[in-house]
2 protein chains.
Amino acid sequence: MEDNAKPSGTDVPTLADVAVAAGVSTATVSRCLNSPDRVTQKTLKIVMDAVDRLGYSPNYSARALAAGRTNTIGAIIPTMENAIFARGIQAFQEELQQNGCTLLVASSSYRQDLEEEQIKTLTVRGADALLLIGYQRDPKVYEFLAKRKIPAVLTWVSDPDSDHLSVGFNNRQAMKSLAELVLENGHKVIGCITAETSANDRARDRVSGIRDAMKEAGLDPSELLVEETQYSIENGDVAFRKLMAARPRPTAVMCGNDVLAVGALRAASALKLEIPGDVSITGFDDIELASVAPVPLTTVHVPHRRMGQFAAQALMAALNGNAPDNIELPTSICFRETLGKAPAPNKR
Amino acid sequence: MEDNAKPSGTDVPTLADVAVAAGVSTATVSRCLNSPDRVTQKTLKIVMDAVDRLGYSPNYSARALAAGRTNTIGAIIPTMENAIFARGIQAFQEELQQNGCTLLVASSSYRQDLEEEQIKTLTVRGADALLLIGYQRDPKVYEFLAKRKIPAVLTWVSDPDSDHLSVGFNNRQAMKSLAELVLENGHKVIGCITAETSANDRARDRVSGIRDAMKEAGLDPSELLVEETQYSIENGDVAFRKLMAARPRPTAVMCGNDVLAVGALRAASALKLEIPGDVSITGFDDIELASVAPVPLTTVHVPHRRMGQFAAQALMAALNGNAPDNIELPTSICFRETLGKAPAPNKR
DNA sequence: TTGTAAGCGTTATCAC
DNA sequence: GTGATAACGCTTACAA
């Protein structure tokens with residue numbers, strides 16, 4: 001260890017090794033790596049050759065320590081158990097990678113306390129910036145982030161009123177549009193299966209969207225039959241059966257996401273209910289799972305990939321000292337086959 | 001910046017700040033944090049109080065640089081698009097967290113070249129150890145890891161013959177058991193939908209397992225009708241239709257995983273085929289998705305959570321200089337409803 | 001354009 | 001048991 005001969009096989013080369021090999025200073029090597037335009041073509045080549053020859057790659061811990069940035073971005077999503085967030089996060093990650101950043105993902109199990117813990121963990125771990133889902137959280141969290149000067153982008157929501165950076169879509173408006181379609185089909189008794197609205201702003205907004213549409217259509221929003229549960233196929237199934245037992249029975253069941261809707265469809269099939277003849281069902285998210293349904297699911301399409309991409313760009317901008325604009329992406333309705341006309345009262 | 005007065009609000013406290021506040025040296029603070037048993041109860045309390053008071057938390061980059069370990073474990077999984085790996089990785093992460101480690105996940109899209117790239121990326125990023133899926137990869141990768149002294153655990157496979165650490169299950173044996181059950185039900189013409197076997201050792205082993213069972217039952221293994229495709233519901237659907245067009249038509253279709261099986265079930269439903277009356281279908285993995293099927297899926301249950309947990313323990317042991325044993329976990333068969341007796345020839 | 005050298009915040013090896 | 005102090009590998013003023 002004490003002689004400074006060639007690194008002996010197993011040792012990983014350092015910047016200094018490259019400097020020696022190239023006959024320049026460590027500063028120059030660093031420049032070649034980080035701002036190639038600040039060195040001569042000639043030295044650049046010499047240095048890069050040495051880098052290749054030695055198989056050098058920088059030590060990120062050292063770089064982070066010296067530069068004060070880790071080039072790591074954290075993302076905290078409510079769940080990895082199903083594909084709801086997969087596509088968006090995938091796109092987020094791809095965009096980050098293009099910018100030389102690494103993604104660190106954690107999951108909060110839809111629990112605010114765990115989310116706060118994860119936020120702490122990730123920032124302590126050195127995340128330069130954060131992607132979070134939704135806007136509802138303790139103000140202290142935002143203060144903490146602000147104090148540490150850690151930019152955060154809120155996604156899967158659109159939050160124009162606040163001054164928090166967000167890249168997402170308007171859950172309320174999106175669900176309202178779908179509800180309007182449901183109402184136009186003559187449905188008067190509407191059921192709704194949703195995640196718990198107290199801890200989930202997206203879920204809450206979506207339910208509000210349904211109520212908005214009902215109100216505008218002259219219906220009493222308080223008559224919306226709501227089943228709150230956790231996102232899972234099984235729970236969608238159970239909740240749907242409950243709604244079918246209600247009197248008057250809903251002729252349309254709007255689900256807070258596709259996972260629940262698929263569960264509802266399964267239950268409907270078990271109950272020998274025709275979809276959409278006997279009852280209409282809608283989803284939200286447009287994930288691949290929706291295609292499993294025996295009847296193609298009418299749902300809200302969310303631009304997952306673009307959202308992930310834009311969120312990454314916004315964060316990169318923020319890290320570069322710019323103040324990126326909030327982005328609200330449009331959603332659209334996938335009008336497939338689970339939504340149909342309300343059955344005539346006597347048909348029931 | 002140049003005066004060394006109290007850190008002014010926004011600055012994050014360092015070890016040195018704590019040392020000053022506690023009236024001890026930085027070394028002592030470090031000891032209190034890392035090996036509390038090497039300091040007096042009294043100083044421990046003083047220091048910890050200071051830590052709390054200042055809201056200190058260590059800088060991981062500095063720690064990693066000084067200690068030569070990052071306490072970060074990397075995992076590279078083929079896909080995040082569906083839930084195949086979700087449960088196992090979740091358990092892996094939970095176990096790591098208990099041991100003070102962070103998980104860094106990357107996905108390879110089932111491509112070996114991308115996997116190699118990700119391995120490089122993660123190690124360069126400082127991963128202390130790696131979780132990989134399957135055992136098939138360029139020997140150079142293993143050399144690279146060995147040279148850098150980075151332990152890796154291979155999962156979702158069992159690889160007792162090799163000297164690579166593995167924690168998983170025997171795909172071949174598991175699928176063979178299921179195939180035996182299929183054969184016992186009188187099926188003679190078997191179809192199989194699998195991922196591409198050239199790049200996926202688990203898929204290859206599973207197909208081999210079917211052939212093993214056929215051979216032992218006196219059937220010609222080369223008569224197995226194989227459709228290779230990528231894991232997705234849609235592809236399972238398409239492949240199933242192809243198999244149904246073959247003559248003689250298979251009376252049982254064994255799928256390489258539940259995602260494909262769900263696609264097959266969807267196609268069967270569209271083709272108005274009774275399951276299992278007209279044709280039997282089996283899966284592999286036992287993920288929640290399987291429950292969507294109108295008919296509960298017969299499949300191979302994989303102990304995802306235990307696998308993830310044991311894999312983490314094995315890695316922690318390896319990092320502590322121990323040589324953990326390979327672990328082969330048992331799988332079991334979920335005998336549900338998609339597997340039935342082969343229809344009598346005249347019934348077809 | 002390039003080199004020198006002072007950190008970055010820890011850990012770890014020594015003495016004491 | 002505790003305290004100096006030298007690494008760890010890199011970035012970045014500041015000089016040349």
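By convention in this document, chain letters (A, B, ...) are assigned in the order of the sequence lines, proteins followed by strands, and residues within each chain are numbered from 1.
In this structure, CZ of B:Arg125 is placed 16 Å from C1' of D:dG9, rounded to the nearest angstrom. The distance between atom CG of B:Leu54 and atom P of C:dG9, rounded to the nearest whole Å, is 14 Å. As a whole-Å value, the separation of B:Asp17 CG from C:dG9 P is 9 Å. Here the C1' atom of nucleotide C:dG3 and the CD1 atom of A:Ile46 are 15 Å apart, to the nearest Å. Atom C1' of nucleotide D:dC8 and atom CG of A:Asn59 are separated by 8 Å, given to the nearest angstrom. Distance, A:Leu65 CG to C:dG9 C1': 5 Å, rounded to whole Å. Atoms OH (B:Tyr60) and P (C:dG9) sit 16 Å apart, rounded to a whole Å. Atom CD of B:Gln41 and atom P of D:dG1 are 12 Å apart (whole Å).
One N or O on the side chain of A:Asn59 and one on the backbone of A:Ser61 form a donor-acceptor pair closer than 3.5 Å.
The two residues B:Ala19 and B:Val29 have their closest heavy-atom pair at CA-CG2, 3.6 Å. Across B:Pro78 and B:Ile133, no two heavy atoms sit closer than the pair CD-CG1, 3.6 Å.
Note on ring orientation: taking the six-membered ring where Trp is involved, the planes of B:Tyr110 and B:Phe85 are tilted (angle from 30° to 60°).
OP1 or OP2 of C:dT11 has at least one side-chain nitrogen or oxygen of B:Arg63 nearer than 4.0 Å. Taking only side-chain nitrogens and oxygens, A:Thr40 comes nearer than 4.0 Å to OP1 or OP2 of C:dT2. Taking 4.0 angstrom as the limit, A:Ser25 places a side-chain polar atom (N or O) nearer than this to OP1 or OP2 of C:dG3.
Taking the ring axis of B:Phe310 as reference, the NZ or CZ atom of B:Arg306 does not stay both within 45° of it and closer than 6.0 Å to the ring centre.
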task: Please assess B:Leu15 against B:Ser30 for the test side chain to side chain contact (heavy atoms under 4.5 Å, CB included), listing each intermediate value before the final yes or no.
output: CA-CA 7 Å; B:Leu15 234 208; B:Ser30 179; 4.2 Å; yes
Collect all protein-nucleotide pairs involving nucleotides 12-16 of chain C in which both atoms are nitrogen or oxygen and the distance is under 3.5 Å.
none

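In terms of position along DNA chain D, the nucleotide closest to B:Val24 lies nearer the 5' end than the nucleotide closest to the other residue of the pair B:Val24 and A:Leu33.
Under the 4.0 Å criterion applied to side-chain N and carboxylate O atoms, B:Arg111 and B:Asp113 are assigned as salt-bridge partners.
In this structure, the nucleotide among C:dT1, D:dG9, D:dT2 sitting nearest to the side chain of B:Val39 is D:dT2.
Within 4.0 Å (heavy atoms only), B:Ser61 reaches no atom of the nucleic acid at all.
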